[in-house]
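Only one structure is covered here, and it is reproduced in the block below.
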Amino acid sequence: MFITFEGPEGAGKTTQIGRLGRLLDRRGIAHVVTREPGGTDLADRIRALLLDDANSGMHTRTEVLLMLAARSEHVENKIRPALVEGKVVLCDRFTDSTLAYQGYGRKEDLAVLRTMNAYATGGLSPDLTLVFDLPVEVGFARVRKGREGLDRFEQAGRDFHEAVRRCFLDLVEAEPGRVKLIDASAPEDEVAAVVASVVLPLLARKGISLG
Ligand code: Z5A
């Protein structure tokens, strides 16, 4: 089972992936928690290049190629081996973020990005994607609270982040079987309960014992 967590900035993906990971631990379900860009030593080094605000002049095609280079590394050296071992893989962002940020946000061609995603992943796609949705300004406020400095993506303007959110909502509509909408503006415990109510029955249907 390969489950991805997606959504705009500050939606609580990292918080919820941690909570689901701990729930799977308590139930004795073998799993790996990982994230993009990153997830391996090499992919983490590419991540540092991508987020560094010193690279503000990076061309969008360079950004796409780096993102996808990190992804192919991550898929082949971490995600696929874990899936082969029968582990559940929980991944914070994946291919849909490329459509949202580089496609809807940076206006790169969506068909090209889909082809490149397929190339970078060797055709691997998630069994389930949870889209954590909330108004852009609420996400901004959460992320900026008690923090100084913004990374390259956080510095993009309001219109960019509205377009990113729109992409995720369009994906929920276009692929209802794979992509499920979660109201991320609810309190953390409520969101965690919804996540568990979506994920656990699916694991059971796939024959994974829930302990
Ligand atoms: N990117 C891309 O452009 N193309 C791609 O293909 C991929 C990625 C894969 C990675 O940044 C950037 O890469 C990302 C897209 C781009 N850029 N942006 N923007 P990252 O990994 O550093 O950041 P992120 O993935 O965007 O995560 P985030 O925005 O920092 O936040 P989050 O993981 O969704 O939320 P969180 O860290 O769990 O929570 C944020 C705060 O809210 C924190 O203080 C929590 O305690 C609080 N929180 C969480 N849940 C709640 C609830 N329910 N209520 C109130 N407060 C809450």
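For ligands, and for the atoms within them, numbers begin at 1 and follow the listed sequence. Source: prediction; values computed, not measured.
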Exercise. Side chain to side chain contact (heavy atoms under 4.5 Å, CB included) with Phe2: which of Leu90, Leu83, Val75?
Worked result: Leu83

Exercise. Just one of Thr4, Leu169, Thr129, Leu130 clears the side chain to side chain contact (heavy atoms under 4.5 Å, CB included) bar with Val179, so which one?
Worked result: Thr129

Exercise. Among Arg71, Gln155, Arg35, Lys145, whose heavy atom sits nearest atom 9 (C) of ligand 1?
Worked result: Arg71

Seminar exercise, completed: Candidates Phe153, Phe132, Phe140; heavy atom nearest atom 17 (N) of ligand 1 found on Phe153

Atoms of ligand 1 close to [X] [distance to a heavy atom under 4.0 angstrom, numbered from 1]:
X      : answer
Arg47  : 20 (P), 21 (O), 22 (O)
Glu36  : 9 (C)
Thr98  : 5 (C), 6 (O)
Gln102 : 2 (C), 3 (O), 4 (N), 5 (C), 6 (O)
Thr15  : 36 (P), 38 (O), 39 (O), 45 (C), 49 (C)
Arg93  : 8 (C), 9 (C), 14 (C), 15 (C), 24 (P), 25 (O), 26 (O)
Pro187 : 53 (N)
Ala11  : 34 (O)

Give yes if a backbone or side-chain nitrogen or oxygen of [X] is under 3.5 Å from a nitrogen or oxygen of ligand 1, and no if not.
X      : result
His161 : no
Val143 : no
Arg142 : yes
Glu188 : yes
Val191 : no
Glu63  : no
Gly12  : yes

Note the single closest protein heavy atom to [atom], along with its residue, its atom name and the distance in Å.
atom                    : value
atom 31 (O) of ligand 1 : Gly10 N, 3.4 Å
atom 2 (C) of ligand 1  : Met67 CE, 3.2 Å
atom 19 (N) of ligand 1 : Glu9 CG, 3.0 Å
atom 53 (N) of ligand 1 : Ala186 O, 2.9 Å
atom 7 (C) of ligand 1  : Ser97 CB, 3.5 Å
atom 33 (O) of ligand 1 : Thr14 OG1, 2.4 Å
atom 32 (P) of ligand 1 : Lys13 NZ, 3.4 Å
atom 13 (O) of ligand 1 : Pro37 CD, 3.7 Å

Does a salt bridge link [X] with [Y], judged by any charged N lying under 4.0 Å from a carboxylate O?
X      : Y      : result
Arg166 : Asp170 : yes
Arg47  : Glu36  : no
Arg19  : Asp189 : yes

Problem set entry | Distance flag for atom 55 (C) of ligand 1, protein heavy atom under 4.0 Å | yes

For this session: Check whether any protein heavy atom sits under 4.0 Å from atom 22 (O) of ligand 1.
Result: yes

Exercise. Checking side-chain hydrogen bond (donor to acceptor under 3.5 Å, both in side chains) for the pair Arg106/Thr60: CA distance, chi angles, key distance, verdict?
Worked result: CA-CA 7 Å; Arg106 305 265 196 239; Thr60 302; 4.7 Å; no

Problem set entry | Test: Arg165 cationic atom under 6.0 Å from Phe168 six-membered ring centre, within 45° of axis | no

For this session: Is it possible for you to check whether Arg93 lies under 6.0 Å from the centre of the six-membered ring of Phe5, through NZ or CZ, and within 45° of that ring's axis?
Result: no

Seminar exercise, completed: From the list Thr121, Asn117, Thr95, side-chain hydrogen bond (donor to acceptor under 3.5 Å, both in side chains) partner of Arg71 resolves to Asn117

Seminar exercise, completed: side-chain hydrogen bond (donor to acceptor under 3.5 Å, both in side chains) with Gln102: of Glu108, Glu63, Arg61, only one passes, and it is Glu63

For this session: Evaluate the side-chain hydrogen bond (donor to acceptor under 3.5 Å, both in side chains) criterion for residues Asp92 and Thr14: first the C-alpha distance (whole Å), next the side-chain angles of each, then the deciding distance (0.1 Å), finally the verdict.
Result: CA-CA 7 Å; Asp92 194 342; Thr14 311; 3.0 Å; yes

Exercise. Hey, what do you get for NZ (Lys78) to OG1 (Thr34), rounding to the nearest 0.5 Å?
Worked result: 3.5 Å

